[in-house]
Amino acid sequence: MTETHVEAPSLYPPDPEFAANANATEALYDEAEADRLAFWAKQANRLSWDTPFTEVLDWSDAPFAKWFVGGRLNVAYNCVDRHVEAGIGDRVAIHWEGEPVGDARDITYSELKDEVCRAANTLAGLGLKSGDRVAIYMPMVPEAIVAMLACARLGAMHSVVFAGFSASALRARIEDAQATLVITSDGQFRRGKAAPLKAGVDEAIESLGDDNPVRHVLVVRRTGMDVPWTDGRDVWWDDTVSNASAEHTPEAFDSEQPLFLLYTSGTTGKPKGIMHTSGGYLTQASYTHLNVFDIKPESDVYWCTADIGWVTGHTYIAYGPLSNGATQVVYEGTPASPDEHRHFQVIEKYGVTVYYTAPTVVRTFMKWGRELAFGHDLSSLRLLGSVGEPINPEAWRWYRLVFGGDQTPVVDTWWQTETGAAMISPLPGVTTCKPGSAMRPLPGISAKIVDDDGNELAPSPDYGEHVTGYLVLDKPWPSMLRGIWGDEERFRETYWSRFAEQGWYFAGDGARYGTNGEIWVLGRIDDVMNVSGHRISTAEVESALVGHAGVAEAAVVGATDEHTGQGICAFVILKAHHADMSRDQMIDELRAEVAREISPIAKPREIHVVPELPKTRSGKIMRRLLRDVAEGRELGDTSTLLDPSVFEAIRASK
Ligand code: WTA
């Protein structure tokens, strides 16, 4: 693979004053280099273990890792109780900011501990046991985090389902995990309006019919709207958790006790339940949060703008910050509610010092213009982070200039649901950054860029043509996924078969080395799209489209999009008897169908009704060519097409 760049990147060395006070120094790399496992043992020992581990890593059953073997701990105890015991119970854990202006609440570590204990007692009373699965389908309210921690406290696994997902997506996740409990809210605020949520849970459960595994639904009152109710099954949080005892003794679980499932898109239509466990996950979540974001728990006000429905919300809202005893802002709404000033107002209100967001959010602010930011006092910010997709150099520089007064470090963190925590990222007091590059693996982490045969690539020049390859992780890491729920074969096949001989993890991303050996991640090389930092597979959207009675065939590709990174472009062939419906009506209906089946975030940006799809002689759809069409490029090689003339027809229908 080759690619051309025209511009040499500028260099941003760390500010000397920042470097002098930074948590992480160059010595961290040396230490990890000298003895990787001893390094991880030291990081693990920042946590509180009920029983110390006897072995750092057991990789004898690869690709199934065991980290901190023999150790026992309670994850929730590590996130709340131990801070209270250490005397910082009065510190604010969460500055919660609701979407409606003025709806705000501060929660200290003591209060959080009490609420987690009450919830744990309630969940135990509802019959929840260690190893059970709980679906959490909630907006960004403190109870969502409490629910996650209460599950962790009991050794039950949570499966958080993004509240923007449809009832049908929720149903699939409940069914796959066989969740016995669903925790939800009556509704959620979206751009000033209350939208139902509990109703979707009922719909999901009903559609499971006799196979429904759900015994109880625990409901938080958020909007006050009416909800459908099933006596005996449904219980209010207010009637149960709020009245429960705040005394709960945490039980210590094995380091490899499953902690959570988080479903993510793969190359087929069926989402994968990525499984994470306790000791290793919490170790790396805590270590990376402390060092990448340079967290000073006693003085920083940290804000990660992700939703707990994604892995970033798990690791850098729930587990990382809380394990470090940090103070953070949790905000319920979008950047534009009620208007474009909201994020800046929140930063001012709480004196946010560390702000972690996605490139798509940065580009949205760029679109709104820098004057907006310049009208606010953002001087409290001292570090900025980015995650979810490659950040284009222009957005990186704009972010640092407008949010960071051209002074703060910007850490571009590469990682995945599967990796559990940050893997490739600058250390803010050490690394000289090139805008757009995630730079190098963190201390303790090992990654390589290789060609088809597994040979490591050479560094490319900064501009001109360079060679790209595959990003692999060549050594196990503590927060690595431990499998795909119920599908060992898919786990081996997806991540471990491409470089089976070498025993490397295949990340599915293309990348190249820059002149200094830094890593430039270029994006997915499989059929997974990245829309505003959300992973959506082409197959999922195709299956939603062909699920509509009027569609005979569908092909979906991700095309470059200035704002969302990639935009979803669908090509559909309609069944003959639907030809009478107006094209626009049909397109509207199909977009609605995708929103119903998956989520509004998966709605195609464009849908083209075409008479035929480009296929190879073996019947495979040639997505590469459709991508050329969607991005308005000259067509690439069409020689393997069964019928090259289909493009005339496709072009004509655009
Ligand atoms: C992409 C999100 C470039 C990448 C934490 C990866 C990135 C996928 C970056 C994982 C980054 C994430 N630079 N690409 N800093 N961060 N990605 O599972 O393609 O939602 O494989 O995890 O997002 O997305 P996921």
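Whatever order the structure lists them in is the order used to number ligands and atoms, beginning at 1.
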Checklist line | Test of proximity, Thr413 against ligand 1: N or O pairs below 3.5 Å | finding: yes
Next item on the list: Considering heavy atoms of the protein only, find what lies nearest to atom 6 (C) of ligand 1 and give residue, atom and distance to 0.1 Å.
Entry: Asp509 OD2, 3.2 Å
Checklist line | Contact atoms of ligand 1, heavy-atom distance to Thr312 under 4.0 Å | finding: 5 (C)
Item checked: Closest protein heavy atom (residue, atom, distance) for atom 10 (C) of ligand 1 -> Trp415 O, 3.6 Å
Item checked: For atom 24 (O) of ligand 1, closest protein heavy-atom neighbour -> Arg535 CD, 3.2 Å
Check: Can you check whether Glu418 has an N/O within less than 3.5 Å of an N/O in ligand 1?
Finding: no
Checklist line | Test side-chain hydrogen bond (donor to acceptor under 3.5 Å, both in side chains) applied to Tyr263 and Asp176, step by step | finding: CA-CA 10 Å; Tyr263 285 82; Asp176 188 73; 2.7 Å; yes
Notebook entry, point to check: Is the Lys NZ or Arg CZ of Arg370 less than 6.0 Å from the centre of Phe365's six-membered ring, within 45° of the axis?
Noted result: no
Note to self: Under 6.0 Å between ring centres: does that hold for Phe506 and Trp496?
What the structure shows: no
Checklist line | Side chain, backbone, both or neither: Asn530 near ligand 1, heavy atoms under 4.0 Å | finding: side chain
Item checked: Nearest-neighbour protein heavy atom for atom 11 (C) of ligand 1, which is reported as residue plus atom name and distance -> Glu389 O, 3.5 Å
Item checked: Tyr302 ring center within less than 6.0 Å of His289 ring center -> yes
Notebook entry, point to check: Within a reach of under 6.0 Å around CD of Glu394, are more than 12 heavy atoms found that belong to other residues, nucleotides or ligands?
Noted result: no
Item checked: Per-residue contact class, Pro390 against ligand 1 - non-hydrogen pairs under 4.0 Å -> both
Next item on the list: Look at atom 18 (O) of ligand 1 and say which protein heavy atom is nearest, naming residue and atom and giving the distance to 0.1 Å.
Entry: Thr417 OG1, 2.6 Å
Notebook entry, point to check: Does ligand 1 have an atom that lies less than 4.0 angstrom from a heavy atom of Gly388?
Noted result: yes
Item checked: Cation-pi check, Arg498 onto Tyr470 ring (under 6.0 Å, within 45° of axis) -> yes
Checklist line | Any Trp310 heavy atom less than 4.0 Å to ligand 1 | finding: no
Notebook entry, point to check: Once the angle between the rings of Tyr319 and Phe260 is folded into 0 to 90°, is it parallel (under 30°), tilted (30 to 60°) or perpendicular (over 60°)?
Noted result: parallel
Next item on the list: Could you tell me whether Glu418 and Arg535 make a salt bridge, using a distance below 4.0 angstrom between a side-chain N and a carboxylate O?
Entry: yes
Check: Which ligand 1 atoms does Val387 reach within 4.0 Å, using its non-hydrogen atoms?
Finding: 5 (C)
Check: Going by the order shown, which atoms of ligand 1 are within less than 4.0 Å of some heavy atom of Val521?
Finding: 3 (C), 14 (N)
Item checked: Contact check: Thr264 vs ligand 1, nitrogen or oxygen atoms, below 3.5 angstrom -> no
Margin query: Please check if the number of heavy atoms outside Gln502 that lie under 6.0 Å from its CD is greater than 12.
Written below: yes
Notebook entry, point to check: Going by the angle between their ring planes, with limits at 30° and 60°, are Tyr287 and Phe39 parallel, tilted or perpendicular?
Noted result: perpendicular
